[in-house]
Structure formats: C-alpha cells, structure tokens
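Step one of this worksheet: look at the structure below.
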Amino acid sequence: MHQNQSEVTATGAVLNIVQYILVRGDLISKLEWPLGAVVAQACHASSAAIHLFYDDPVTQSYLKDLDNMHKVILEVPHEQELLAVEKALLSKEIKFKKWIEQPENYPTCIALKPYVKTDVQKLLRKYKMLK
C-alpha cells in the first residue's frame with residue numbers, strides 16, 4: 001500500500017489529500033453497464049474536476065506527487081441519491097464536477113476536487129467503497 005498524498009501546513013502538520021469520486025451503483029447492477037464503461041465515467045469526472053480546479057492550491061499539492069495520488073471511489077445506489085449528494089455538496093460549498101454521460105444525458109458520478117481528507121470525509125461517511 002502506498003502513502004496518502006499529503007500537504008504540509010505552515011505549522012509543519014501533514015494533511016492527507018484525497019479525491020473522492022461517487023459512482024452510481026445501479027449503472028452496474030440494474031442498468032447492466034459494462035464495468036469498463038462505469039470506470040470510464042469515474043475517469044472522465046476525475047479528469048474534469050482536476051481540470052476545472054487546476055489552479056486551486058490543494059489541487060496543485062495533490063498533483064505534485066503523481067505516483068502517490070489517493071482516490072476513493074464510493075458507491076451511491078441510484079440517480080436520486082447522486083442528486084442528493086450534489087445538493088449537500090452545494091450547500092457546503094464543496095467544489096466538484098458532476099459527470100453527465102452524453103447523448104443519454106445520464107448523471108453517472110460526481111468527482112470532488114482534491115481536498116484535505118478531514119475537510120470532506122464526514123460528508124461522505126455513509127457511502128461504502130464501490131464494489
């Protein structure tokens with residue numbers, strides 16, 4: 001297992017940086033999308049979030065050590081829950097990219113910009129790793 005991406009504060013404290021990605025589980029279980037197609041959705045969202053928030057200082061810290069980037073892929077059960085997550089993130093001013101697959105216009109996942117883990121972990125605690 002590799003180390004978490006980290007940032008050192010002005011006081012010398014080390015903070016873990018992680019990018020959370022929430023993926024709809026029903027894409028695999030109910031809609032029977034191939035696993036590769038679902039993984040591609042997460043990749044699209046992750047890349048888009050990094051691009052959109054590229055100039056953010058935490059994103060820059062995250063990108064400084066590419067071999068140790070830390071991503072956590074979580075599962076939300078269905079579209080309604082993904083939209084509920086979006087609403088909660090907006091209310092807390094958490095920055096993210098919702099990926100909408102085209103031309104179907106399906107919201108498939110949400111990728112947060114990289115954050116210090118302790119800044120966002122509590123909001124996402126109820127979701128489990130994608131299986």
Side-chain angles (χ1 to χ4, degrees):
M1 192 157 128
H2 61 282
Q3 289 182 297
N4 289 343
Q5 186 74 21
S6 61
E7 177 176 73
V8 179
T9 66
T11 63
V14 176
L15 303 172
N16 291 327
I17 300 175
V18 63
Q19 184 180 30
Y20 285 96
I21 303 166
L22 296 102
V23 178
R24 286 176 47 191
D26 67 335
L27 295 175
I28 298 169
S29 63
K30 187 175 179 182
L31 299 175
E32 299 181 351
W33 284 28
L35 180 59
V38 175
V39 170
Q41 300 300 301
C43 292
H44 292 323
S46 173
S47 298
I50 294 288
H51 177 74
L52 288 171
F53 304 106
Y54 183 79
D55 293 329
D56 176 85
V58 178
T59 300
Q60 284 298 304
S61 291
Y62 181 76
L63 293 172
K64 282 182 183 173
D65 188 4
L66 293 176
D67 291 334
N68 291 307
M69 288 192 295
H70 184 200
K71 294 187 188 320
V72 175
I73 314 301
L74 301 174
E75 180 176 348
V76 296
H78 44 67
E79 181 178 348
Q80 294 78 12
E81 186 68 21
L82 187 73
L83 299 177
V85 169
E86 176 184 32
K87 185 176 179 181
L89 294 173
L90 287 169
S91 75
K92 300 288 185 184
E93 298 182 0
I94 301 296
K95 296 175 183 172
F96 64 91
K97 170 63 177 167
K98 176 174 68 176
W99 191 258
I100 300 177
E101 180 62 10
Q102 298 298 331
E104 298 88 353
N105 208 35
Y106 286 144
T108 59
C109 56
I110 288 175
L112 278 61
K113 78 165 196 68
Y115 274 97
V116 173
K117 186 175 185 176
T118 55
D119 290 348
V120 293
Q121 185 178 33
K122 292 177 198 168
L123 295 170
L124 307 173
R125 186 165 282 159
K126 75 178 193 176
Y127 303 105
K128 305 296 181 206
M129 297 286 285
L130 177 68
K131 296 186 222 176

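Residue indices begin at 1 and follow the sequence shown. Every value quoted in this text rests on a predicted model; they were computed, and no experiment measured them.
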Looking at [Y], is its backbone amide N or carbonyl O close enough to the side chain of [X] to form a donor-acceptor pair, meaning the two atoms are under 3.5 Å apart?
X   : Y   : result
S47 : C43 : yes
S61 : P57 : yes
S91 : A88 : yes

To the closest 0.5 Å, what do you measure between [atom1] ([X]) and [atom2] ([Y])?
X    : Y    : atom1 : atom2 : answer
L90  : E86  : CG    : CD    : 5.5 Å
D119 : I94  : CG    : CD1   : 7.5 Å
L31  : T108 : CG    : OG1   : 11.0 Å
K64  : I17  : NZ    : CD1   : 9.0 Å
K117 : L124 : NZ    : CG    : 11.0 Å
E79  : L27  : CD    : CG    : 9.5 Å

Inset, instruction - Please test C109 against L22 for side-chain contact (heavy atoms from CB on, under 4.5 Å), starting from the C-alpha separation and ending with a verdict. - result: CA-CA 5 Å; C109 56; L22 296 102; 5.9 Å; no

Inset, instruction - Indicate whether any N or O donor in one side chain lies under 3.5 Å from an N or O acceptor in the other, for Y62 and K71. - result: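 Their side chains do contain a donor-acceptor pair, which is all the 3.5 Å distance test asks for.
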
Legend entry - CA sep, side-chain torsions, deciding dist, call: L63, T59, side-chain contact (heavy atoms from CB on, under 4.5 Å): CA-CA 6 Å; L63 293 172; T59 300; 4.0 Å; yes

Grab the two heavy atoms, one from [X] and one from [Y], that are nearest each other, plus how far apart they are.
X    : Y   : result
P107 : K98 : CB-CD, 4.2 Å
Q19  : A49 : NE2-CB, 3.7 Å
A111 : S46 : CB-N, 3.7 Å

Inset, instruction - Quick one: do Q121 and Y20 satisfy side-chain contact (heavy atoms from CB on, under 4.5 Å)? Show the steps, please. - result: CA-CA 9 Å; Q121 185 178 33; Y20 285 96; 3.8 Å; yes

I'd like to know if [Y] and [X] are part of one continuous hydrophobic network [Ile/Leu/Val/Met/Phe/Trp/Tyr, side-chain heavy atoms within less than 4.5 Å].
X    : Y    : result
V85  : L83  : no
L112 : L74  : yes
V58  : I50  : yes
V72  : I110 : yes
I21  : L52  : no

Legend entry - N-O pairing of E101 and R24 below 4.0 Å: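 Here E101 does not pair with R24 in a salt bridge, since their nearest N and O are not under 4.0 Å apart.
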
Legend entry - Lys/Arg N to Asp/Glu carboxylate O, K128 vs E75, below 4.0 Å: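 Between E75 and K128 there is no salt bridge, as every charged N stays at least 4.0 Å from the carboxylate O atoms.
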
Inset, instruction - For residues 111-131, pull every pair meeting ring pair (Phe, Tyr, Trp, His ring centres under 6.0 Å), keeping only residues two or more places apart or in separate chains. - result: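 Found none.
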
Inset, instruction - Take K92 and L123 through the test side-chain contact (heavy atoms from CB on, under 4.5 Å) and record every step on the way to the result. - result: CA-CA 9 Å; K92 300 288 185 184; L123 295 170; 3.9 Å; yes

Legend entry - Pairs satisfying side chain to side chain donor-acceptor pair (under 3.5 Å), at least one member in residues 28-38, at least two apart: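 Sorted pair list comes back empty.
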
